[in-house]
*Asks:* 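Okay, handing you the structure first.
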Amino acid sequence: AGYLLQIGVTLRDPNRLDVRGDIEFGKDVEIDINCVFEGTVILGNGVTVGANCMIKNSTIGDDVKILPGCNIEGAVIETGCVIGPTARLRPGTKLGEGVKIGNFVETKNAVFGKGSKANHLSYIGDADIGEGVNIGAGTIFCNYDGVNKHKSTVGNNVFIGSNSVLVAPAIIEDNAFVAAGSNITSKVQVGQLAVGRAKQRNIDGWKRPKKK
């Protein structure tokens with residue numbers, strides 16, 4: 001911790017930092033309490049790391065903000081990204097410039113293009129995401145069929161509505177829009193609106209179940 005302070009790293013509490021590998025720091029790095037660094041970690045200039053984060057074998061670009069409670073392993077994060085709070089980035093995650101990964105979002109083998117975002121409550125596994133994509137809250141990439149993993153591809157400027165399920169290998173082309181609550185099982189072409197919902201039924205006279 002003393003060495004880090006000497007080279008200009010700001011530590012909120014030098015006694016609450018755990019370094020278990022080789023770390024490279026840029027200028028104006030700020031680290032809050034109870035952070036753990038393992039393996040080979042590179043932090044660029046102007047990086048801030050919030051409290052209670054675990055970072056392992058990852059490269060973090062300039063001006064990245066990692067909010068409290070994040071778990072990051074085997075990831076490459078480019079300039080200006082915002083991660084968390086409480087996000088999990090698993091191996092194979094690559095985030096382009098200005099990507100936002102929000103609270104309770106998990107990624108694995110996922111590549112995000114510039115400016116894309118998944119802000120809430122989503123699982124994005126085995127996916128290639130283009131630029132300017134918005135992934136709504138509760139979206140799930142179903143990448144596992146019980147035996148094999150499958151990859152999905154999402155083009156540029158795609159909007160995926162909240163609570164959608166993309167069944168791999170899903171293909172959603174540029175400028176497409178997926179309506180909230182959709183189950184996507186076939187290709188969505190350029191500019192299309194995909195609505196994958198069952199028809200709603202409202203049943204009169206329904207009686208609530210009672211405890212036995």
Side-chain angles (χ1 to χ4, degrees), residues 21 36-44 49 53-61 64-67 69-174 176 178 182-188 194:
V36 179
F37 297 91
E38 284 193 3
T40 301
V41 177
I42 299 173
L43 301 178
V49 182
C53 288
M54 173 85 175
I55 302 176
K56 181 177 181 179
N57 293 327
S58 295
T59 300
I60 316 296
V64 169
K65 291 181 173 58
I66 300 172
L67 301 175
C70 292
N71 188 312
I72 299 171
E73 179 180 358
V76 176
I77 301 173
E78 294 187 14
T79 301
C81 293
V82 179
I83 314 299
T86 58
R88 184 182 183 197
L89 276 52
R90 294 169 57 193
T93 295
K94 297 181 180 179
L95 307 182
E97 182 180 344
V99 168
K100 293 184 179 179
I101 302 293
N103 47 281
F104 304 108
V105 174
E106 178 181 354
T107 65
K108 190 269 297 179
N109 282 340
V111 179
F112 284 73
K114 181 178 180 180
S116 291
K117 56 187 178 181
N119 281 328
H120 325 273
L121 303 162
S122 295
Y123 172 67
I124 302 152
D126 296 303
D128 193 345
I129 311 292
E131 297 183 358
V133 173
N134 184 90
I135 298 174
T139 296
I140 303 297
F141 283 65
C142 291
N143 59 328
Y144 183 53
D145 63 9
V147 180
N148 299 303
K149 299 290 181 69
H150 302 275
K151 183 178 179 180
S152 292
T153 302
V154 177
N156 298 323
N157 303 310
V158 169
F159 184 96
I160 299 176
S162 296
N163 202 36
S164 292
V165 177
L166 279 59
V167 181
I171 299 174
I172 301 177
E173 295 185 337
D174 293 352
V178 175
S182 290
N183 186 335
I184 301 301
T185 58
S186 60
K187 183 177 181 179
V188 183

*Asks:* Tell me, please, which residues at least two apart from K114 pass salt bridge (charged side-chain N to carboxylate O under 4.0 Å, His left out).
*Replies:* none
*Asks:* Distance from L166 atom CG to I184 atom CD1, nearest 0.5 Å?
*Replies:*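 CD1 of I184 is found 6.0 Å from CG of L166.
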*Asks:* Supply the atom-to-atom distance N134 CG to I160 CD1, rounded to the nearest 0.5 angstrom.
*Replies:*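 These two atoms lie 8.5 Å from each other.
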*Asks:* Would a distance-only check, ignoring hydrogens and angles, find a side-chain to backbone donor-acceptor pair under 3.5 Å from D126 to N109?
*Replies:*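 A pair under 3.5 Å: no.
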*Asks:* Check ring pair (Phe, Tyr, Trp, His ring centres under 6.0 Å) between F159 and all other residues, then give those that pass, not counting sequence neighbours.
*Replies:*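 For F159 the ring pair (Phe, Tyr, Trp, His ring centres under 6.0 Å) partners, ignoring immediate neighbours, are F177.
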*Asks:* Does any non-hydrogen side-chain atom of L95 lie less than 4.5 Å from one of L89?
*Replies:*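 Yes. Closest side-chain heavy atoms under 4.5 Å.
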*Asks:* State, to 0.1 Å, how close N119 and K100 come at their nearest heavy-atom pair, and which atoms those are.
*Replies:*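 What the structure gives for the nearest pair is OD1-CB, 3.7 Å.
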*Asks:* Atom CG of D174 and atom CD of E131: how far apart are they, to the nearest 0.5 Å?
*Replies:* 10.0 Å
*Asks:* I'd like to check I135 versus V154 (side-chain heavy atoms, cut-off strictly below 4.5 Å). Are they in contact?
*Replies:*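 Side chain of I135 against side chain of V154, heavy atoms only: no contact under 4.5 Å found.
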*Asks:* According to side-chain contact (heavy atoms from CB on, under 4.5 Å), who are the partners of V41, at least two apart in sequence or on a separate chain?
*Replies:*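 V41 satisfies side-chain contact (heavy atoms from CB on, under 4.5 Å) with I23, F37, L43, I55 only.
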*Asks:* For residues I101 and I77, determine if any side-chain heavy atom of one lies less than 4.5 Å from a side-chain heavy atom of the other.
*Replies:* no
*Asks:* Considering non-hydrogen atoms only, spot the tightest contact between A176 and I172 and give its length.
*Replies:* CB-CG2, 3.7 Å
*Asks:* Could you tell me which residues satisfy salt bridge (charged side-chain N to carboxylate O under 4.0 Å, His left out) with E38, sequence neighbours excluded, listed by chain and number?
*Replies:* R20, K56
*Asks:* Does any part of the side chain of V99, heavy atoms only, come nearer than 4.5 Å to the side chain of E78, both counted from C-beta?
*Replies:*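 Counting from C-beta outward, E78 and V99 never come under 4.5 Å.
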*Asks:* Look at the side chain of S58 and the backbone N and O of G74, then say whether any donor-acceptor pair between them is shorter than 3.5 Å.
*Replies:* yes
*Asks:* Closest heavy-atom contact between S122 and G136?
*Replies:* OG-O, 3.3 Å
*Asks:* Nearest heavy-atom pair of C53 and G69: which atoms, and what distance?
*Replies:*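 So the minimum-distance heavy-atom pair works out to SG-N, 3.7 Å.
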*Asks:* For a 4.5 angstrom cut-off between non-hydrogen side-chain atoms, does K151 reach P169?
*Replies:*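 Counting from C-beta outward, K151 and P169 never come under 4.5 Å.
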*Asks:* Can any side-chain N or O of S116 pair as donor or acceptor with the backbone N or O of G130 at less than 3.5 Å?
*Replies:*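 The answer is yes, because a donor-acceptor pair under 3.5 Å joins these two groups.
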*Asks:* Between N103 and G84, is there a donor-acceptor pair closer than 3.5 Å when you use the side chain of the first and the backbone of the second?
*Replies:*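 No, because the side chain of N103 does not come within donor-acceptor range (under 3.5 Å) of the backbone of G84.
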*Asks:* Below 4.5 Å, heavy atoms only, C-beta onward: do E173 and K187 meet side chain to side chain?
*Replies:* yes
*Asks:* With K149, which residues qualify under salt bridge (charged side-chain N to carboxylate O under 4.0 Å, His left out), at least two apart?
*Replies:* none
*Asks:* Listed by chain and number, what are the salt bridge (charged side-chain N to carboxylate O under 4.0 Å, His left out) partners of E106, not counting sequence neighbours?
*Replies:* R88, R90
*Asks:* Would you give the length of the straight line joining atom CD1 of I124 to atom OG of S152, rounded to the nearest 0.5 angstrom?
*Replies:*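 Going from CD1 on I124 over to OG on S152, the span is 11.0 Å.
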*Asks:* Minimum heavy-atom separation for S164 and V178, please, with both atom names.
*Replies:* OG-CG1, 3.7 Å
*Asks:* Report yes if the side chains of V133 and F112 come closer than 4.5 Å at any heavy-atom pair, otherwise no.
*Replies:* no
*Asks:* Please say whether more than 12 non-hydrogen atoms of neighbouring residues, nucleotides or ligands are located less than 6.0 Å from NZ in K108.
*Replies:*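 Counting other residues, nucleotides and ligands, NZ of K108 exceeds 12 neighbours.
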*Asks:* For G39 and N57, which heavy atoms make the closest approach, and how far apart are they?
*Replies:*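 Of all heavy-atom pairs spanning G39 and N57, the closest is CA-OD1, 3.2 Å.
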*Asks:* Got a second to check how far I72's CD1 is from I66's CD1, nearest 0.5 Å?
*Replies:* 4.0 Å
